[in-house]
Amino acid sequence: RAARAWALAGAVAAALGPALGGILVQASWHWAFLINVPVGIALVVVAVRVLPDPRHDDQVARPDLVGAAGIAVSAGALVLALVQGEEWGWLSASTLAAVVVAAATAVLVVVRCRTHPVPVIDPALFRVPAFTAATTTTVLFNTAFGGALLGAILWLQAVWGYGALQTGLAIALGPLTVPVTSIVVHRLLPGARPMALIVAGCAVFAAGTALLVATLGPEPAYVTGLLPGWLLAGVGVGLAMPNLVAAATADLPAARTSTGSAVVAMARQIGLALGVSLLVAVLGATGPTPETLDRAFLALAGAAVLAGLTGATLALTARRAQAAVAA
C-alpha cells in the first residue's frame, strides 16, 4: 500500500505539473525554473523537521561511486546516440562512438557490481525473479509513457497550435485518471496479483496510444481526437505504474526493500529518458508533424506491448520457480 501511495503521488504531480507550468509560462518562461527555488527551500525545511534522521554506520564502506558514475555515463551516451543519430548519421563515427561508450560503461557497471564489496546495485536483487520482472518492465513501460507524454504535448502545440496553458490543461485529464483507476481497481480487486495488473496496464496503455493514431488529425478536435485515447492511456498507467514498485519489492527481504525501490525508481527515470530519446529519433529532422508523430505513437505502443510481454514472461518464470521450490 505504501509503494502504491508513493507512486500515486508522482502521478498526481504529473497531472498538476503541466497545468501549473502553463500558468507560469504565461507570465514568463523564467518562472518555470525560478519556482523551484522557494519550493526546494520549503521542502528542505519540512524534511529537516519531519523526516527521521537515521545515522549512517561509519564502519560500513561507501557504496561504489565509480559504478554509480558508470550508470549515468552509460544511460547518457545511449540517449546521446538516439537523439543525435539523425543529425550525425546512424553509422557515423560519432554515433557509433556513443553506442560503444554506452555498452562499455554498462559492462563496467556489471563488473563493478559483481566485484565491489558495496556495489551500487546488489546483484543479489536480480536473483529474485519478481524483482527482475518488475524492473525490466519498468524500463520498457516508462519508455512508452515518457515518449507518449511528450508526443501528445508536441501534437497539441506544433500541430494544433495550442498555447502553453491550454496544453497543460488538456494534458492534465490523462494523469488525473491514474489515481482514480488505481484506487477503484484495488477496491474492486483487492486480491489481484500486481504483475497481472501491470500486464493489463501495458496492454491498455498500448491500446490508448494506438487509438491516438486513429483519432488525431491535423485539425483541432480535443474531445473526439485526443481525449479518448489519452484517457485510455491514463487508465493503463493507473493499472501499471503504482503496481511496479509493489511488485518489485514484494518478495525482497525487509533489509533490501529500500534499495530495491531505489533501483526501480532509477529504472523509471532511465525509461523516461529513453522514451523521449526514442521520440526524438523517430521524429528526425522533419520534426513534429502528423505523419512523424503517428509513427512515434505506433513505436511507443510497441514498447508498451513489449513491456507487457516481458512482464508476463518473467512473472510466469518466477511462479514456476516458486512452485518448484515448494515442490
Side-chain angles (χ1 to χ4, degrees), residues 1-13 43 46-65 67-68 71 109-110 112-142 179 182-183 185-187 189-199 201 238-271 310-327:
R1 289 194 296 271
R4 293 190 185 102
W6 175 79
L8 286 177
V12 173
L43 289 176
V46 172
V48 169
R49 294 190 174 188
V50 175
L51 295 180
D53 185 23
R55 297 295 176 177
H56 182 67
D57 186 353
D58 293 334
Q59 303 302 315
V60 177
R62 290 185 177 181
D64 180 19
L65 299 182
I71 293 173
V109 170
V110 172
R112 298 282 300 188
C113 288
R114 288 180 175 274
T115 57
H116 196 276
V118 189
V120 63
I121 300 176
D122 190 347
L125 293 171
F126 291 97
R127 289 196 284 271
V128 179
F131 176 82
T132 303
T135 303
T136 306
T137 306
T138 296
V139 173
L140 294 171
F141 181 78
N142 281 277
S182 181
I183 293 170
V185 167
H186 284 96
R187 290 282 179 86
L189 303 171
R193 292 178 176 271
M195 188 53 72
L197 296 177
I198 292 167
V199 173
L239 289 170
M241 194 81 77
N243 289 292
L244 283 167
V245 178
T249 57
D251 292 345
L252 293 179
R256 297 183 184 273
T257 301
S258 60
T259 304
S261 62
V263 172
V264 175
M266 179 190 69
R268 181 176 65 178
Q269 298 300 327
I270 290 175
T310 302
T313 302
L314 294 176
L316 182 60
T317 302
R319 292 181 63 183
R320 288 176 176 173
Q322 291 173 348
V325 170

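Positions are given from 1 along the sequence.
One finds the CG atom of D64 at 7.5 Å from the OG1 atom of T115 (value rounded to the nearest 0.5 Å). Going from atom CG of N142 over to atom CG of L244 covers 7.0 Å, rounded to the nearest 0.5 Å. Rounded to the nearest 0.5 Å, atoms CG (N243) and OG1 (T137) are 12.0 Å apart. If you take CG on L65 and CZ on R112, they are separated by 9.0 Å, rounding to the nearest 0.5 Å.
Looking at R268 and V263, their side chains never come closer than 4.5 Å, going by heavy atoms from C-beta outward. For the pair V110 and R114, the minimum side-chain heavy-atom distance is below 4.5 Å. Annotation: side chain of P63 is not in contact with side chain of V120 (no heavy-atom distance under 4.5 Å). With contacts defined as side-chain heavy-atom distances shorter than 4.5 Å, the pair R193/I198 does not qualify. Residues R256 and T249 are not in side-chain contact: their nearest non-hydrogen atoms beyond the backbone lie 4.5 Å or more apart.
Scanning both residues, L252 and G260, for their nearest heavy atoms gives CD1-CA, 3.8 Å. A133 and M195 get closest at one heavy-atom pair: CB-CE, 3.9 Å. Scanning both residues, V118 and R62, for their nearest heavy atoms gives CB-O, 3.8 Å. Residues F141 and A240 come closest through the heavy atom pair CZ-CB, 3.8 Å. Shown here for A248 and V264, the closest heavy-atom pair between the two residues is CB-CG2, 3.4 Å. P119 approaches C113 most closely through the heavy-atom pair CB-O, 3.5 Å.
Panel note: side chain D122, backbone L125; no donor-acceptor pair is recorded below 3.5 Å. Judged by distance alone, the side chain of H186 and the main-chain N or O of S182 form a donor-acceptor pair under 3.5 Å.
A side-chain contact (heavy atoms from CB on, under 4.5 Å) with T310 holds for exactly one of T132, V139, T136, V199; it is T136.
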